[in-house]
Number of protein chains: 2
Amino acid sequence: MIETFELVAKATADPSRVRILKLLAAGELCVCQITTVLALAPATVSKHLAALKAAGLVQQRRDGRWAYYRLAERQLNPYAARFLAMVGDCLGDDPTIAEDRRLLALVRAVPLQVLCAQGRSALSPAATPTLRQDAPCPTE
Amino acid sequence: MIETFELVAKATADPSRVRILKLLAAGELCVCQITTVLALAPATVSKHLAALKAAGLVQQRRDGRWAYYRLAERQLNPYAARFLAMVGDCLGDDPTIAEDRRLLALVRAVPLQVLCAQGRSALSPAATPTLRQDAPCPTE
DNA sequence: GTGTCATTTCGCCAAACGGCGAAATGTGTT
DNA sequence: AACACATTTCGCCGTTTGGCGAAATGACAC
């Protein structure tokens, strides 16, 4: 059905959601890690992840208080794999994506408990622009 | 740039525009032919075609009063070819697309001058649901 | 049970969007 | 120049969407 195509096409047509998919390409992430890199409100990230999940592009698991998301492995939407492949093949040299990756490396280097307590200020001081602070998260 | 990706991604995330691209895959079409198949207002089709053109997915030529659109041959947007390929590979069995193709064959069988004068009523009577009538167009 | 924490849902807001009719534009005919 | 025709642009309208803060929910610790 064209509506199925539309669902996943619309999910990948938003820049924030594309950035999330590119981050997840490096492996499973906790919501707060995505929140820190994208510098968006947790509510916003949660809404975006819900849209990606509904489109069959990502899967979720819970571990206590924490929610982890990863790129979909199972075929949940007939077009999901095609769109994921295309997103994966594109934007390899995009500056926004490159900056996100740089921040993600920093984020992964910080124990999540510290990251969640301090948000971006937990990262190397010279590494981050002045942006919103967020809530804590546990050790990975 | 991610904005370039976004432009073409958004252009292909609308069902009407996907239907237009699938119609154009069969060859160049005049605006009124697309209008007749999609049963949309000419203004709406024109707006959609403008978005596809801005995204580098289609090209236009004029012939007197008439405007023809075709899928882009030149690389006008770094992601256009990828998206066109994907749209081309998908929805092969979609009922909406199949119906559009059926109507297109009928539309192509009618001289454009007749088509433009009578709109859908120029098609075989048993072939079309009761829908809007549109303005005329010339012999192809 | 109470309080803390991470996430999700809800409601609001401004912006974007797809549809339409009307007006404007460009082309062709007389 | 006036008129007809095909298309495009404009403006309106209702709907959708991405952002946020606040409230709700679920998990954990005491």
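Per chain, numbering begins at 1; letters A, B, ... match sequence-line order.
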Novice: Mind checking whether Arg17(A) and Leu21(A) have side chains closer than 4.5 Å, heavy atoms only?
Specialist: no
Novice: What distance do Leu49(B) atom CG and Tyr69(B) atom OH have between them, rounded to the nearest 0.5 Å?
Specialist: 5.0 Å
Novice: Strictly below 4.0 Å: does Ser46(A) bring a side-chain N or O up to OP1 or OP2 of dT9(C)?
Specialist: no
Novice: Checking the side chain of Gln59(B) only, and the main-chain atoms of Glu73(B) only, is there a donor and an acceptor separated by less than 3.5 Å?
Specialist: yes
Novice: Considering only dG21(D), dT7(C), dT7(D), which nucleotide approaches the side chain of Trp66(B) most closely?
Specialist: dT7(D)
Novice: Would you say Arg17(B) places a side-chain N or O within less than 4.0 Å of OP1 or OP2 belonging to dG18(C)?
Specialist: yes
Novice: Arg65(B) has an atom CZ; how far is it from atom P of dG28(C), in whole Å?
Specialist: 8 Å
Novice: Ile20(B) has an atom CD1; how far is it from atom P of dT7(D), in whole Å?
Specialist: 13 Å
Novice: Should Leu23(B) and Leu38(B) count as side-chain neighbours, where that means a heavy-atom distance under 4.5 Å?
Specialist: yes
Novice: I'd like to know if Arg82(B) pairs up with Asp89(A) as an ion pair, taking the criterion as any Lys NZ or Arg NE/NH1/NH2 lying under 4.0 Å from an Asp or Glu carboxylate oxygen.
Specialist: yes
Novice: Counting only side-chain N and O atoms of Thr44(A), is one of them less than 4.0 Å from OP1 or OP2 of dG18(D)?
Specialist: no
Novice: Can you measure Leu52(A) atom CG to dG18(D) atom P for me and round it to whole angstrom units?
Specialist: 10 Å
Novice: Please determine if a side-chain N or O atom of Tyr68(A) lies less than 4.0 Å away from the OP1 or OP2 oxygen of dA6(C).
Specialist: no
Novice: Mind calculating the distance between CZ (Arg61(A)) and P (dA6(C)) to the nearest angstrom?
Specialist: 16 Å
Novice: Rounded off to whole Å, could you give me the CG-to-P distance for the Leu29(A) and dT7(C) pair?
Specialist: 12 Å
Novice: Compare side-chain N and O positions of Gln60(A) against OP1 and OP2 of dT7(C) and report whether any pair is under 4.0 Å apart.
Specialist: no
Novice: Whole Å only: how far is the CD1 atom of Ile34(B) from the C1' atom of dA6(D)?
Specialist: 13 Å
Novice: Side chain of Lys10(A) only, please: which of dG18(C), dA27(D), dT17(D) is the nearest?
Specialist: dT17(D)
Novice: Please tell me if Ser16(B) has a side-chain N or O lying less than 4.0 Å from either OP1 or OP2 of dG18(C).
Specialist: no
Novice: Distance check needed: dT7(D) P versus His48(B) NE2, whole Å only.
Specialist: 16 Å
Novice: If each of Arg62(A) and Ala67(B) is mapped to the nucleotide of DNA chain D with the nearest heavy atom, which maps nearer the 5' terminus, i.e. the 5' end?
Specialist: Ala67(B)
Novice: For DNA chain D, whose closest nucleotide is more 5', that of Asp14(A) or that of Lys47(B)?
Specialist: Lys47(B)
Novice: Measure the distance from CG on Leu40(B) to P on dT8(D) and round it to the nearest whole Å.
Specialist: 14 Å
